[in-house]
Every structure is written in C-alpha cells, then in structure tokens.
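Single-structure report; data block below.
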Amino acid sequence: MSLVLALFLSASFSAQADPQDPLAALVEVLKVSDDDAFRLDILKGIRDGLKGRTTVGMPKGWSEVSAKLLQSANAEVRSLAQMISITFGDPAALKALRAVLADATKLADDRKAALESLLGAQDKELPPILAVLLLDAALRGPAIRALGSYEDPTTPSRIMAVYAGLQIAEKRDAINTMGGRKSYAKELLAALKGGSIPRADLTAAQIRQLSDLNDAEINSWIEKEWGSIRPTPEARIKEIAQWKAYFLGNPKGDPRKGRIQFAKTCMQCHTLFDAGGKVGPELTGANRQELDYLLSNILDPSAVVGKDYQATLIRTNSDRIVTGLIKAEDNNAVTLQTENDLLIIPKSDINARKLSEISMMPEGLLANMTKDDARNLFAYLQQLQQVAFPDGFTLESLKAQGEPLFNGRDLAGWEGDPAVWSVDAGELVGKGPQKRNHFLFHKAELADFRLTVEIKLTPAGGNSGIQIRSVPVEGGEARGCQCDAGGGWWGKLYEEGARGLLFPKKDQAFDGDKFVKKEDWNTYEIVAVGNKIRTAINGNLCTDYEDDKMAMKGRIGLQVHAGGPMEVRFRNFQLELNPKFELKTVK
C-alpha cells in the first residue's frame, strides 16, 4: 500500500493540484484506525509523498490524529508521526526534536534521526545547535555535514576551532562544507595559505569543488599549487607519458602497501575484491593488468564517462555548490549522492543545475601522492586476487582512523562482557565491583599510532587502564602494555600478564596523580612508534619509555580492575596511524 500511496501523493502534490485534499482523506482514515501495521502503511506513504517538500499546509484534523499516534506503543509509528508533523510546520514537533538532538543522554541513532528530520524541514533554529554538536563526538560528523545546508557566517570559524582534533573522515566533511560556498571557501583558502589546514588534507575532488565556485582568487591559488585542474588534451597526453615512463623505469611497488592507498583514496567510491563503495564502477573485473588502461582512467577519467556515472552540478538558491550522481528524482526533489553524503534537495531550492561531462572521479588523483605511494597503488590495482595489508594494518584499523573508535551509541567494533561494559549518554562505561579484571578490546590491530581519549574514574581510588598493542587471553585476561589509571597509578606503564611495572623504574620518583582532576574528565594521550612509548595526562608528560622487548603490534583495550564499587567512563576517542613520535597535547 505504501508504494501506491506514495505515487498517489507524489502526483497529487504537483503545482496544479491542491495538496490538502488527498492528505485530508488519509487523515480521516488514520482517525478511525487502531491497527499499527495499517497506520504504518499510511504514514510511510505520506512520508514518501512528502519527501523533498520542506513545508506543507497542515491538513484538517492532523493535530488530533498526531496526538493519538504519539501515544502508540509502536516506536516507528511515533517517529513517523513526529517527522510528518515537522513537514507540516508543527512548532511543538520542531521543539521536541531539537530537544532530542541537543540531549547527549539520548541514543545517538535517535539524535541522528532528529537531525535528519530537522534538516528536511530546513529548521531555521538548527545552526546554533549544530555549532554545539561540533564538540560532541557522537554527532560531530553529521553536524559538520549539516552545517553545509545553512548560510551562517560563523560556520567556518566554528569548524576551524575544532579542525585540528577531527578524525580523518570528519576533516573531509569539514573541507567539503567549507568548500561548498564562496563565502566559506575564502576562509578555507586563508586556512590553507596559513597552514592551519595542511595542503595535503585536500583531495582531488575537493580541489575541483573549489574550482567550480569560479572565484578568481581561489582558482589562482589552485593553479599555483596544483596546476590546471582541467588540463588540455596535450597536457594530459604528456602527463600520461611521463607517468608511464616512470612506472616502466622503476621496480614495481609493494601491493600490500598499495592496498592502504586504495583504502584511503579509492575505496570510498569503488569496490575491488568485494570491498568498497558503490558510487563509482566496480573494479574487480576491469582490465587492471594493463598499465595504459590504468593510466588513462586515473589521469583522464573524463575521457569517457558512462551514463550512470555522469555527475550533476547543482547551485542552490543560497549559492551552495554540490556535485554528485542523481540517485532519484520526482516532482518535489532531487536525491544526490555526493562524495561524502546523500542529499535530498527540494526542487524549489535549486537555482541552477547542469549535467557535467566530467567524471565523478576527480582528475589529479596522483597529485597529492608520493611517487612511491603511486607505485604501490598501481601494484595493488594490478593484482589478480586480494592481498593482505602490511603488518600492523587491517581494514578495521584503517576504518578506525577514518571513523571514531567508539561510535557513541553501542559497542560495535568492541569485544567484552556486556554485563560489565555498556554505553551511556554517548560514553563508554565499565563498572565494578568485579572479582577479577575485565577487559573490553577493540577489534583493530595497530602497530604505530597516537591515541587521545578522555577518561573519568569514580571514585578516585578505583583502578582502570588503557591496553595498547595487547591481546586478549583465555579466561578474560589480557597480555600487553597498559597505560595505567587510578589512585597511585595514573601515568605509569605496566605490562599486564607479563613483566609488571615497566615505568617508573624502582629508583625513579614519579607521581602522575598530581596531573589528574579527581573524579572528573582527564585527557590521556598515548603515542607508540616502534619500540618507544610516550604518554601524557592533561598535557603533562608522564611516560617516555623505550624497550626492545615490547610487542610491536596488538589491540587497544580498556580495563575494569578487580575490586570494589567503581565506574570508569571514556569518550572522545581520536586515533592517528603512523604518527610522528611526539605528544600533541604537551606544549
């Protein structure tokens, strides 16, 4: 029934039709029905018919029906009723969803659903809430993307204030948001020129997005730093010949290292060996062994663009530029798949659109790579079957670098006893008393990394810790280095299940407790490179240790120590792979 209703409503909401009539009829049906399954069919049909419409006049009787639906025992019925009320411009529904979105104690999925509904209604009171969410690890990425839908002069400075601490995926979102409007892009350009955003953070697609703004100052800077974004055919032929000579004149790269480059650069859009995105064409069956084929498709992706992958550039009424593949279109809206988001753009908001002859795959893909990285990528692309990542890298570890280790809503990616470990208010929580030590391990195996996380331990005399390069041991124990936390132990380095206390040595005086805010949030930074480990608490150096006997790779784990009643909380996980051996929080 939902599909029939959606088609009926979509046709009825044309410019020539009165949108009140079909809605009023459906409201009357909802008034007399108490069957939640039947209600869901009607509500889904209304939702689909209204998709892409920011506001529609409230039909007669909806307030009464909505109040009834919001009392349903079925959560989906309640959610759909509230979502539809927002489209009808119901102030109470908007206020309720703003409260859900701003409440860090609510489930992250519920808050994201609230954000999606408020965005769909183009809620004018949303930007200040989004600004606050930039400090909320569970909602930071969606908030950055959502800010791109609003013209707010404070947005670039707010994003820049948190940029240095963002995850890789969040930095990509930040640059896409700031690069989508000419006014924002000016501040992005200033940050690039000043070095607060490294030039290497820009992808080739983002460089092209900036060039689509058609601003003389921005294009001049792009040409100076990268050369022409759309080189002449002669220049392309020359570039292809130069790269071909380089590849033929040098040894083949390491395909295992090349898989890392593919995961970072290509996997978001392309699938190879059953792993990757669906924005671009499947690569597994392509003619990848031929060097000429790879060079022409990577360096000149717009030479031949398949119809299914022809990008559309849309300029909104607020002068936002977005480019992507059209996934759906009806009388009300265009659904556009961009590099990092799926946008539903009301047709009333579109100022201009044009079909591009340029591929969604950006030119200049190799411009930000070293020659060695390019050799490794091509070596991987030419493989006939999947290869392993280099030691210390897994798909999980690369995902963990691009996404938060902890998603703020559940224990996805972690392994431990759910009776001990849980999620509360967007924080990861472990509780005692416990008769033995309990550990929660992340699935990613890491070698060299930097981890920054906030930790709060209650009471101050409790005991916890952060395992690094460790492994779970049968019986629920662990083996590996632990960066300790707890009264008398803060900042010390302990080897769980093996040698015991590593730092400080018996003859060294050390008191990490003096750096700690008791029963409050403390920032713990850990950097492990080779056989060296450094730690800091609240910006104060604690451990500076070197040991040839330590493990060179392993998993991150969290501990609840055996003992009396206690609670340990973790939030705002940030992970960087292959870092320099330095502590960023220590000034």
Side-chain angles (χ1 to χ4, degrees), residues 405-406 410-411 413-425 427-446 451 453-506 508 510-526 528 533 535 537 542-543 545 547 549-551 554-571 573:
L405 281 173
F406 168 54
D410 55 38
L411 296 177
W414 295 85
E415 297 174 334
D417 186 346
V420 178
W421 299 97
S422 62
V423 176
D424 176 56
E427 298 159 10
L428 204 160
V429 184
K431 291 186 177 182
Q434 301 296 338
K435 293 182 179 180
R436 64 170 179 83
N437 294 341
H438 282 266
F439 295 89
L440 181 72
F441 274 98
H442 195 272
K443 295 178 181 179
E445 186 175 76
L446 307 175
L451 172 69
V453 62
E454 292 180 69
I455 175 174
K456 180 165 71 172
L457 185 62
T458 309
N463 190 281
S464 180
I466 303 167
Q467 295 293 139
I468 61 171
R469 293 178 172 175
S470 298
V471 293
V473 176
E474 190 174 351
E477 289 291 336
R479 184 173 65 251
C481 286
Q482 181 186 120
C483 302
D484 234 314
W489 288 93
W490 283 99
K492 295 180 179 179
L493 189 66
Y494 189 91
E495 191 170 56
E496 190 79 19
R499 292 176 290 167
L501 188 64
L502 300 177
F503 176 87
K505 300 293 187 183
K506 292 181 180 179
Q508 291 177 301
F510 174 76
D511 179 17
D513 289 36
K514 65 184 179 183
F515 303 136
V516 174
K517 294 176 283 186
K518 292 184 178 180
E519 299 186 11
D520 200 350
W521 288 105
N522 295 278
T523 299
Y524 214 133
E525 182 184 6
I526 304 162
I533 293 175
T535 69
I537 296 176
C542 293
T543 301
Y545 184 73
D547 184 353
K549 294 181 180 179
M550 73 173 65
R555 296 164 66 181
I556 289 172
L558 310 174
Q559 182 197 52
V560 168
H561 201 282
M566 64 153 286
E567 179 182 87
V568 62
R569 288 177 173 258
F570 299 88
R571 70 182 186 186
F573 291 79

side-chain hydrogen bond (donor to acceptor under 3.5 Å, both in side chains) involving [X] - partner list, sequence neighbours excluded:
{"X": "Asn522", "value": "Asn538"}
{"X": "Thr535", "value": "Thr543"}
{"X": "Asp410", "value": "Asn407"}
{"X": "Glu567", "value": "Arg569"}

Not counting sequence neighbours, which residues clear side chain to side chain contact (heavy atoms under 4.5 Å, CB included) with [X]? List them please.
{"X": "Lys549", "answer": "Arg499, Asp547"}
{"X": "Gln434", "answer": "Val420, His438, Val560"}
{"X": "Lys518", "answer": "Ala460"}
{"X": "Pro459", "answer": "Glu519, Met566"}

How far does [atom1] of [X] sit from [atom2] of [Y], to the nearest 0.5 angstrom?
{"X": "Tyr494", "Y": "Cys481", "atom1": "OH", "atom2": "SG", "answer": "12.0 Å"}
{"X": "Ile468", "Y": "Leu451", "atom1": "CD1", "atom2": "CG", "answer": "8.5 Å"}
{"X": "Arg571", "Y": "Asp424", "atom1": "CZ", "atom2": "CG", "answer": "12.5 Å"}
{"X": "Trp489", "Y": "Gln482", "atom1": "CH2", "atom2": "CD", "answer": "9.0 Å"}
{"X": "Ser470", "Y": "His442", "atom1": "OG", "atom2": "NE2", "answer": "14.5 Å"}
{"X": "Glu454", "Y": "Trp521", "atom1": "CD", "atom2": "CH2", "answer": "6.5 Å"}

Open item on the list: Looking at every non-hydrogen atom in both residues, tell me the closest pair between Ile455 and Phe570 and how far apart they are.
Closed with: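 In terms of heavy atoms, the two residues are closest at CD1-CE2, 3.5 Å.
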Task: Residue list, salt bridge (charged side-chain N to carboxylate O under 4.0 Å, His left out) with Arg479, at least two apart or on another chain - done: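 Partners of Arg479 by the salt bridge (charged side-chain N to carboxylate O under 4.0 Å, His left out) criterion come out as none, since no residue qualifies.
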- [ ] Using the test ring pair (Phe, Tyr, Trp, His ring centres under 6.0 Å), find all partners of Trp421 that sit at least two apart in sequence or belong to another chain.
- [x]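 With sequence neighbours excluded, Trp421 shows a ring pair (Phe, Tyr, Trp, His ring centres under 6.0 Å) to no residue whatsoever.
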Task: All ring pair (Phe, Tyr, Trp, His ring centres under 6.0 Å) counterparts of Phe503, not counting sequence neighbours - done: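 Testing Phe503 for ring pair (Phe, Tyr, Trp, His ring centres under 6.0 Å), a comparison that skips the adjacent residues, returns Phe510.
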Open item on the list: Listing request: all salt bridge (charged side-chain N to carboxylate O under 4.0 Å, His left out) pairs with a residue in residues 459-473, at least two apart in sequence or in separate chains.
Closed with: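 For residues 459-473: Asp448-Arg469.
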- [ ] Could you give me the CA-CA distance, side-chain angles and deciding distance for Glu445 and Arg555, then say whether salt bridge (charged side-chain N to carboxylate O under 4.0 Å, His left out) is met?
- [x] CA-CA 5 Å; Glu445 186 175 76; Arg555 296 164 66 181; over 6 Å; no
Task: Side-chain donor-acceptor contact under 3.5 Å, Asp484 with Gln559 - done: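 No, because no side-chain N or O of Asp484 sits under 3.5 Å from a partner of the opposite role on Gln559.
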